Structure formats: C-alpha cells, structure tokens
K.L.:
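Provided herewith is a single structure, encoded as structure tokens, for subsequent inquiry.
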Amino acid sequence: MTHHVTRLKVLSAGIFSLILALGVARFSYTPLLPLMQQQAGLGVAAAGWLAAVNYAGYLTGALIASRISSLVLKDRLYRIGMVLAIVSTLVMGLSTNVVVWALSRYVAGLTSAAAILLGTGLIMNWLIRHNHRSEMGIHFAGIGLGIAGCAGAVMLFTPWLDWREQWFAFAALGCVLLVPALRWLPPPDTSGLTNSGQKLQDKPPSPLYLRVFMAAYFCAGFGYVVSVTFIVAIVNHLPGLAGWGNLAFLAIGIGAAPACINWDLIARRTGDLNALILAAVLQIVGILLPVLVPGVWAAMLGALLFGGTFIGMVSLVLSMAGRYYPTMPAKMMGKMTLSYGVAQIMGPAITGMIGAQFGSYNAGLYVAASVMVLGVGLLFVLKVVERRDAQGESGQS
C-alpha cells in the first residue's frame, strides 16, 4: 500500500511540475496575449517573436538535457527550473519592456524543458526501476490540466484584474504548485538496477530510424506550435466568434487532459507508430476545422481534436525514447525535442510575419497543416525502416 501511495505521489509531482512550468510559466501567455495587446501595447509581430524566444529557451533546455548523463545533476537542474518558472512569471508583470519580456519568455522556455524532459526522465527512470509500466499518460495529463487551468483562470480573472495583476496571480499560484512538484519527487537512484535486481540496459534505435523519427517530430512540432500559440487570436478574428478565443484554448486543455492516457491505451492495441499516424491525421483535421467550417461548434471541435492529439503525440514519442534508453531517458528525449524545438522557433516567427502582412493568422494554419501532412508521410517511412531494422537484427541472431 505504501509503495502504491509513493507511485501516486511521484506521478503527482510530475503533474504539478507540468502545470507549473507549462501551464503557469509558459501557456498562460496565450490566453493573456489579447489582453496584453489591448492594455500593454504588444504588437502582432512582437507577440510572434516573444513566442519564438520562448521556444528558443525550450530548445536550449532540450540541448542541455540531451548532453547530461548524471541523474543527480538532472535532479538538481529540475528543481532549479521549477523555482525559475515562478520567477519568469512574476517578471512578466513587472515591466512593459519587450526585451525584459523576451528574457522572461526565454527562461520560461528553459523551465518547460526542465519539467517535460528532466522531470519526465526522472519519473520514467523511477517507474522502470520500481517495475511499473513505463507509460506516461497520467504524468502528461499535467500539460492538458495546465492549459485548461490557465485558460479558465484568465476567463475568471479578466473582469477583476488587468494584464499585470493576472501575471502576479499566476506567480502566486505557481508558489502553491511548487511544493508538491519538489517534495514528492524522491532523489534519483543511481545504482543501475531495478528494485528486483535486474540490470537496466539501453536498446538504441538505428541511426537512420532516429534521423527519420526526428524529422517526423519536427513536422509535429511545427503543426502544434502555430495553433497552440495563436488559437485565441485566430478564433477571436473569425467571423462572429469575437470573444470565443479563450473558450477555444480551454477546449484544447480539456481535450489534452485525458489524451495521453487514451493514446497509451490506443498504442497498446495498434503499436506506437500506428497510434502516432492516427494522432497526426486527427491533428491535421483539428488545425484546419476552425478555418474551413464556419461557426463556433467547428472551432470548439477543432480545439478539442487538436488538444486530444498533440499532447498524445508528445507522450508517445517521449515514452518511446525513454524505453530505448531506460538508464538515461532524458538523453534521447532531449534529441527528439531539439527537432521539435527548432520547429517551435520557426513556427511562431513565420506565422507572426504572415499575420502582420495579411492581417490574419489563417495562412499560418494552412502552412502548419501542410507540414503535418509531410510528417505523416515520414511516419509511414519510419514503419518501413523499423521493419528493415527488425529483419536485420533477426538475420544477425
């Protein structure tokens, strides 16, 4: 019973860390974006660049995570990252200087990597060592809860608080989340053995498999970032949907909260790559639905579909990476996230420039969907490479 409680506390630490670093420090920027444009003079192009800087921080964090082998160092950086998540949130309300905002968004990006790569890697390592199933659906529910929570909070706060006071309120909320995120994650075990005495062994994929996988994940990152960054502004500018943007962002969070658990179950039946292909196709539908079909129901359904797929893809990919490298899960997770992160820098900057030129973000959605179609094709190529690698291994044995 004590072991079961410990497992729940470890998973909860991960959930709270994701709500803090991704919900509070990172994604609260999206529902607050229209308010900052109205009250703080933030322009459309600057908004896109701030999002790009945020993803540059995330990319830097992914690069660091991919280079670190020491579990003790990962644990220390994870804990520092959780504190910096609150600091970066607080700083957003202390200035109207775009450079200060950019520094804040960069640090917030770093803290996102601390939660989603270092924290996830530490938790997966703990699960594998204690002979638990290495599926991360419950853990990654924290991202959906963070998105839904910050969207709901902005809707609740807006009648009472201005843009600056809302950033302070999010910082206060972050202080509450910090306690379980730090206290419930045990120090890492560096013995190299599971609880039952089995030796942990890495089973790395072939170099070709890894390259194709990273290219496919780049496409997923591009498709994801355009919608998640600009969905509030996009929906608010659709005919007859002014004011519905925050509800669409809330719908993304509601769709995302149970998504990882659902995709774990789907992957058990179909296999990881088939589940990824299905999720990518549904995500393309979710991206295009608000601009192809008029009306609030299409926008909300698109948001639910998008939320229910993008985080499922992240969860499946990072879980696969962790199973290839059980001794140091964050190593391959970091490499995969580098490709995802490059896309996340390019996407908002390109979409912001397109939006400034055409006065609409819709063209950015079409580009994002096209890149996602390319990603689906690469996932089919990956199935061929996987089959070839498996035949090569059986031939050698």
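Because the structure is a prediction, the values reported are computed rather than measured.
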K.L.:
Between the main-chain N or O of Leu50 and the side-chain N or O of Arg105, is there a donor-acceptor pair closer than 3.5 Å?
P.N.:
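No, because the side chain of Arg105 does not come within donor-acceptor range (under 3.5 Å) of the backbone of Leu50.
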K.L.:
Quick check: do Trp167 and Leu90 have side-chain heavy atoms less than 4.5 Å from each other?
P.N.:
no
K.L.:
Quick check: do Val154 and Phe170 have side-chain heavy atoms less than 4.5 Å from each other?
P.N.:
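Side-chain contact under 4.5 Å: yes.
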K.L.:
Is there a side-chain contact between Phe213 and Glu386 (heavy atoms, below 4.5 Å)?
P.N.:
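Side chain of Phe213 against side chain of Glu386, heavy atoms only: no contact under 4.5 Å found.
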K.L.:
Using side-chain heavy atoms (C-beta onward) and a distance below 4.5 Å, is Asp75 in contact with Leu185?
P.N.:
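When only atoms from C-beta onward are counted, Leu185 and Asp75 do touch, with a gap below 4.5 Å.
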K.L.:
Determine the minimum heavy-atom distance between Leu378 and Val212, stating which atoms define it.
P.N.:
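Looks like O-CG1, 3.6 Å.
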K.L.:
I'd like to know if the side chain of Asp272 and the backbone of Met320 have a donor-acceptor N/O pair within less than 3.5 Å.
P.N.:
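The answer is no, because no donor-acceptor pair under 3.5 Å joins these two groups.
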K.L.:
Can you name the closest pair of heavy atoms from Thr111 and Ala21 and give their distance?
P.N.:
O-CB, 3.5 Å
K.L.:
Is any side-chain heavy atom of Cys260 closer than 4.5 Å to a side-chain heavy atom of Ile138?
P.N.:
no
K.L.:
Taking all non-hydrogen atoms of both residues, which atom of Ala259 and which atom of Ile311 are closest, and how far apart?
P.N.:
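Closest pair (atom of Ala259, atom of Ile311, distance): CB-CG2, 3.7 Å.
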K.L.:
Using 0.5 Å steps for rounding, measure from the CG atom of Leu22 to the CD1 atom of Ile19.
P.N.:
10.5 Å
K.L.:
Does Trp163, at its CH2 atom, have more than 12 non-hydrogen atoms belonging to other residues, nucleotides or ligands within less than 6.0 Å?
P.N.:
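Counting other residues, nucleotides and ligands, CH2 of Trp163 exceeds 12 neighbours.
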K.L.:
Counting C-beta onward and ignoring hydrogens, is there a side-chain heavy-atom pair between Pro188 and Asn125 closer than 4.5 Å?
P.N.:
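No. Closest side-chain heavy atoms not under 4.5 Å.
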K.L.:
Using 4.0 Å as the upper bound for N to carboxylate O, is an ion pair formed by Asp264 and Arg268?
P.N.:
no
K.L.:
Checking Tyr224 now: which residues fulfil ring pair (Phe, Tyr, Trp, His ring centres under 6.0 Å) with it, not counting sequence neighbours?
P.N.:
Phe310, Tyr340
K.L.:
Could you check whether Arg26 makes a cation-pi contact with Tyr58, meaning its NZ or CZ is under 6.0 Å from the centre of the six-membered ring and within 45° of the ring axis?
P.N.:
yes
K.L.:
Hey, does Phe306 have a side-chain heavy atom less than 4.5 Å from the side chain of Leu288?
P.N.:
no
K.L.:
Any sub-3.5 Å donor-acceptor pair from Tyr29's side-chain atoms to Val24's backbone N or O?
P.N.:
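Side chain of Tyr29 to backbone of Val24: no pair is present.
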K.L.:
Would you call the rings of His130 and Trp126 parallel, tilted or perpendicular if under 30° counts as parallel and over 60° as perpendicular?
P.N.:
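Rings of His130 and Trp126: parallel, as their planes differ by under 30°.
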K.L.:
Side chains of Thr60 and Tyr106 only: does a donor on one sit below 3.5 Å from an acceptor on the other?
P.N.:
yes
K.L.:
Check whether Asn274 reaches the backbone of Thr270 with its side chain - one donor and one acceptor, N or O, closer than 3.5 Å.
P.N.:
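Checking the backbone N and O of Thr270 against the side chain of Asn274, a donor-acceptor pair under 3.5 Å is found.
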K.L.:
Any chain of hydrophobic side-chain contacts (each under 4.5 Å) joining Met214 to Val385?
P.N.:
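They do share one cluster, since a chain of ILVMFWY contacts under 4.5 Å joins Met214 to Val385.
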K.L.:
Can you name the residues that form a side chain to side chain donor-acceptor pair (under 3.5 Å) with Thr89, not counting sequence neighbours?
P.N.:
none
K.L.:
Determine whether a donor-acceptor pair (N or O, by modelled atom type, separation under 3.5 Å) exists between the side chain of Ser104 and the backbone of Ser88.
P.N.:
yes
K.L.:
Please check if the side chain of Ser315 supplies one atom and the backbone of Gly312 the other of a donor-acceptor pair under 3.5 Å.
P.N.:
no
K.L.:
Taking C-beta and beyond as the side chain, do Leu210 and Met336 meet within less than 4.5 Å on heavy atoms?
P.N.:
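Yes - at least one pair of side-chain heavy atoms lies under 4.5 Å apart.
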K.L.:
Side chain of Ser95, backbone of Val91: donor and acceptor closer than 3.5 Å?
P.N.:
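Side chain of Ser95 to backbone of Val91: no pair is present.
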K.L.:
Please report the shortest heavy-atom distance between Leu33 and Ala47, naming the atom on each side.
P.N.:
CD1-CB, 3.4 Å
K.L.:
Is a side-chain N or O of Trp101 found less than 3.5 angstrom from the main chain of Met92, in a donor-acceptor match?
P.N.:
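Indeed, once roles are kept as given, a pair shorter than 3.5 Å links the two residues.
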K.L.:
Show the nearest heavy-atom pair for residues Leu18 and His139, with the distance to one decimal.
P.N.:
CD1-O, 3.2 Å
K.L.:
For the residue pair Ser28 / Gln166, report whether a side-chain donor-acceptor contact shorter than 3.5 Å exists.
P.N.:
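Side-chain D/A pair, Gln166 to Ser28: absent.
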